[in-house]
Structures are given as structure tokens and as C-alpha cells.
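Report on the following structure.
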Amino acid sequence: MDNYKLIEHIGNGAHGHVLKGLNVKTNEEVALKRIHLKKKGNDIPISVLREIKILLTIESEYVMELFDYISHDCSVVLIFEFMPTGLWEVLHDLDDPPSIPHIKSYMIMLLKGVTYLHENGIMHRDLKPANLLISNNGILKIADLGLSRTLWSPEENGRTYTHQVATRWYRAPELLYGSRHYDQSVDLWAVGCIFAEMINKTALFPGENDIEQLAMVLHNLGTPTNQSWPSLKDLPDYNKITFPPSKGKLFEELVPDADSTCINLIKSFIRYDGSKRLPARKAISHAYFYQQPLPCLEQQMPRPDQNHRTKIKQQLRRNSKFDLNLDELFCLLNE
């Protein structure tokens with residue numbers, strides 16, 4: 001840690017906290033993600049080793065780059081480029097909300113990052129606005145690969161994954177039903193939820209617990225059928241709980257400010273059957289991105305102030321009826 005000077009605390013996460021720092025040799029600002037170990041001398045958790053291994057293989061403008069990693073006291077510290085803000089903060093900026101051209105550009109950058117991960121056999125498994133950071137030059141980058149992992153090879157096809165992944169509001173319905181056999185399509189569901197949130201400025205399915213989350217999805221999309229979700233009855237938790245039948249709502253009600261082309265793109269991700277969700281690479285060519293208003297050029301994207309994250313926290317405090325601890329709020333969003 002001698003090469004880094006700590007400047008300030010940025011926020012807390014599920015497994016540690018993030019600090020802003022300075023590389024004293026290069027004078028470059030960095031973010032230090034400190035992951036706590038149970039006690040000094042403990043082995044580094046497999047999830048952390050997996051995250052480091054994946055990060056070391058990544059070369060994409062739209063995925064966060066790992067600069068370095070250090071074992072320090074009772075923690076492992078990952079060193080990244082410092083990002084002054086993120087999509088969550090941008091969507092909650094009441095003074096300067098993103099325009100449709102900006103939303104289209106952020107969406108394209110997200111799709112390019114997801115395309116890179118998926119075509120390299122990586123599932124992120126925790127895509128959400130809080131994990132999409134924005135650089136000094138306005139580029140959106142996928143961050144926090146702590147739950148990511150590579151796909152099993154065809155020879156290992158029978159092996160399973162944990163279903164305890166993804167933040168609840170962005171968790172694909174097959175995960176809510178306990179699926180242990182899934183693929184990158186769980187990320188595509190999350191992309192659809194994020195896209196709808198960019199338009200609505202609020203989460204599409206904000207359930208307060210896992211049961212309410214599943215109930216909310218089924219109520220809004222309608223009770224799935226054999227045609228819309230052929231594999232539903234094979235999922236582990238299918239028979240554990242039942243919900244009242246629902247005809248569902250029109251997407252025009254769920255995303256009232258979206259035009260028909262925008263809704264078409266959202267619906268291409270928000271599908272029960274994961275095999276029918278639109279791959280990220282194909283989504284980049286969707287008609288939505290070629291109609292007026294066109295996406296903003298990357299070099300013309302808004303460049304966030306260095307204190308943007310702090311500004312949004314202060315703004316939320318002013319507009320809240322409650323004395324919220326925003327670090328606790330961000331931890332809840334990371335559940």
C-alpha cells in the first residue's frame with residue numbers, strides 16, 4: 001500500500017468498502033476496493049480469486065480495468081481507475097437528468113461491454129445501475145465482477161451454478177425459481193430492467209423480498225404459459241409457491257414514456273424464456289438506436305464533475321423526508 005495515498009471513503013458494499021486514492025508514483029487517481037477477510041492469514045476467498053482471474057483477462061473499453069491487487073493486513077485490495085460517478089447517480093440527478101440521446105449512448109456502451117463479456121464466456125451475474133460506472137470522459141463501464149464467473153465448458157455441461165446471484169430487482173425469474181442451470185441470458189434480463197429504469201428513472205420491479213419480487217414480475221408480465229416459458233415446471237422451486245393468475249399489463253403501462261420502438265427493445269430482454277432474450281450484440285443493431293433522436297457521440301457525452309457522487313447524495317438528503325444513511329441505502333441496493 002506504500003504506492004497509494006488514501007483520500008476519502010466512497011461507499012460501502014456487501015463485502016467491504018471502496019476508497020478514493022492516489023498513486024503517489026504516477027499522481028493518478030484510483031479507486032481501491034478493499035475486501036475484508038475474516039482474520040489475518042486467512043486464505044483469499046475463492047470468489048475474490050475468481051474475480052481477479054477474470055479481471056486480468058479483460059481488455060475492453062467498456063469493462064473496468066484492474067490496475068493492481070494487494071494483500072494488506074486482513075484484506076485484499078483491488079486497484080481500479082477512479083470513476084467519479086455511475087449510472088445510478090446519473091439517473092437520480094434531478095438537476096441534470098439524462099436526455100434520450102444520452103440514454104441511447106449509455107445503453108450502447110452497456111451492450112458493448114456485455115457483448116465482450118458474453119463472447120468471452122463470462123457471465124456478470126450482478127448487472128445493475130450501481131455497478132455501471134462513468135469515467136471522467138463520460139464512458140460507461142461495467143464494474144464489480146465479484147459475482148461473475150466463466151461458463152462451464154461443453155464437457156462440464158452437467159455442472160451447476162448457484163442461484164444466489166444478482167441484486168433482487170434485476171434478478172431473472174429463473175433465478176427466483178431456484179435455477180442452477182442457466183447461462184448469460186440472466187444478464188440480458190438485467191439489461192432490460194436497467195434500460196426500463198433509464199426511461200422511468202425508477203426500478204421496473206422493485207420487490208422488497210424474493211417472494212414479492214417474483215410476485216411482482218408475474219403480476220406485471222402475466223402468468224407464464226407452456227408457450228412463453230416451456231422449462232418453468234422443471235425449475236427447483238416451481239411447486240413451492242403459487243400465485244394468483246394474472247393477465248399482466250401492457251408494456252405501455254410499465255414504461256409509459258417509451259415509444260413503440262423503445263418498448264420493442266425492452267420486451268426483447270424481458271422475456272420468461274431465457275433462450276428467447278435478444279443477445280447483446282444483436283441488440284446494438286436494433287432500430288431504436290437508428291431513429292431520431294440519435295445517440296450522442298461518445299466524445300460529446302457529459303463529463304461528470306469529480307464531486308458528482310457527493311452532490312447526488314446531498315441532493316437526495318435534501319429531498320428526503322427521512323434522515324437516511326445513504327451508505328446503508330447503497331448497501332441495501334447491493335443485496
Side-chain angles (χ1 to χ4, degrees), residues 1-88 109 113-114 116-128 130-137 139-151 161-162 164-167 187 306 309 327 330-331 333-335:
M1 289 293 292
D2 293 341
N3 293 334
Y4 300 98
K5 176 184 176 182
L6 302 182
I7 299 176
E8 62 180 330
H9 178 265
I10 296 176
N12 295 320
H15 305 290
H17 55 270
V18 182
L19 303 164
K20 181 179 179 181
L22 186 72
N23 185 321
V24 295
K25 289 185 175 181
T26 65
N27 207 36
E28 180 181 19
E29 289 184 329
V30 294
L32 299 94
K33 178 180 177 181
R34 187 168 188 172
I35 302 168
H36 301 293
L37 306 178
K38 289 184 178 179
K39 58 183 179 179
K40 190 172 183 179
N42 271 21
D43 291 337
I44 299 175
I46 186 65
S47 59
V48 177
L49 291 173
R50 186 182 291 145
E51 179 179 7
I52 292 172
K53 181 179 178 181
I54 289 175
L55 285 167
L56 290 174
T57 68
I58 287 174
E59 295 182 8
S60 170
E61 183 181 1
Y62 308 103
V63 183
M64 287 287 288
E65 178 185 358
L66 178 65
F67 289 168
D68 196 4
Y69 60 96
I70 303 165
S71 178
H72 180 69
D73 291 336
C74 297
S75 64
V76 177
V77 182
L78 308 185
I79 315 297
F80 297 94
E81 171 188 2
F82 174 71
M83 309 284 272
T85 194
L87 184 63
W88 192 91
M109 288 186 269
V114 172
Y116 176 86
L117 293 176
H118 287 183
E119 292 186 352
N120 284 275
I122 300 168
M123 296 184 288
H124 187 281
R125 303 199 301 180
D126 197 19
L127 292 174
K128 57 184 176 181
N131 284 343
L132 304 176
L133 304 185
I134 298 173
S135 69
N136 289 311
N137 58 358
I139 301 299
L140 181 144
K141 300 189 181 188
I142 297 172
D144 199 344
L145 276 71
L147 289 177
S148 65
R149 67 160 306 149
T150 52
L151 288 167
Y161 307 104
T162 176
Q164 298 290 344
V165 293
T167 300
D187 288 343
Q306 291 299 300
R309 190 175 279 111
D327 285 335
F330 296 146
C331 281
L333 292 171
N334 283 326
E335 285 184 355

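Nothing fancy with the numbering, it's 1 onward along the sequence. Values reported hereafter were calculated over all heavy atoms of this structure, with side chains retained and with hydrogens, waters and symmetry mates removed.
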Atom [atom1] of [X] and atom [atom2] of [Y]: how far apart are they, to the nearest 0.5 Å?
{"X": "Leu32", "Y": "Ile70", "atom1": "CG", "atom2": "CD1", "value": "7.0 Å"}
{"X": "Met83", "Y": "Leu140", "atom1": "CE", "atom2": "CG", "value": "7.5 Å"}
{"X": "Ile139", "Y": "Leu133", "atom1": "CD1", "atom2": "CG", "value": "13.0 Å"}

Problem - Counterpart residues, side-chain hydrogen bond (donor to acceptor under 3.5 Å, both in side chains), relative to Tyr62 (two or more places apart) - result: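 Tyr62 satisfies side-chain hydrogen bond (donor to acceptor under 3.5 Å, both in side chains) with Glu298 only.
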Practice task
Not counting sequence neighbours, which residues clear side-chain hydrogen bond (donor to acceptor under 3.5 Å, both in side chains) with Asn137? List them please.
Solution key: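 With neighbours one apart ignored, the set is Ser135.
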Exercise for the section: For Glu119, enumerate each residue passing the salt bridge (charged side-chain N to carboxylate O under 4.0 Å, His left out) test, keeping only those at least two apart in sequence or located in another chain. Expected result: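 Result, salt bridge (charged side-chain N to carboxylate O under 4.0 Å, His left out) vs Glu119: Arg281.
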Exercise for the section: State which residues pass side chain to side chain contact (heavy atoms under 4.5 Å, CB included) with Thr85; sequence neighbours excluded, sorted by chain then number. Expected result: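 Thr85 satisfies side chain to side chain contact (heavy atoms under 4.5 Å, CB included) with Glu89, Val90, Ile134, Pro304, His308 only.
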Practice task
Not counting sequence neighbours, which residues clear side chain to side chain contact (heavy atoms under 4.5 Å, CB included) with Glu29? List them please.
Solution key: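 Listed in chain order: Lys20, Leu22, Phe82, Gln306.
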Practice task
Kindly indicate whether the side chain of Ile58, heavy atoms from C-beta on, has any atom under 4.5 Å from the side chain of Leu117.
Solution key: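 Answer yes - side chains close enough.
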Exercise for the section: Please examine the side chains of Asp126 and His124, heavy atoms only from C-beta on, and report whether any two atoms are closer than 4.5 Å. Expected result: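 Sidechains of Asp126 and His124: in contact.
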Handout entry: Residue pairs involving residues 46-55 (criterion salt bridge (charged side-chain N to carboxylate O under 4.0 Å, His left out); sequence neighbours excluded)
Key =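 Every salt bridge (charged side-chain N to carboxylate O under 4.0 Å, His left out) pair that includes a residue of residues 46-55, provided the two are not neighbours, is Lys33-Glu51.
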Practice task
Check the surroundings of atom OH in Tyr69: do more than 12 heavy atoms from other residues, nucleotides or ligands lie under 6.0 Å from it?
Solution key: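 Not buried by this count: 12 neighbours or fewer within 6.0 Å.
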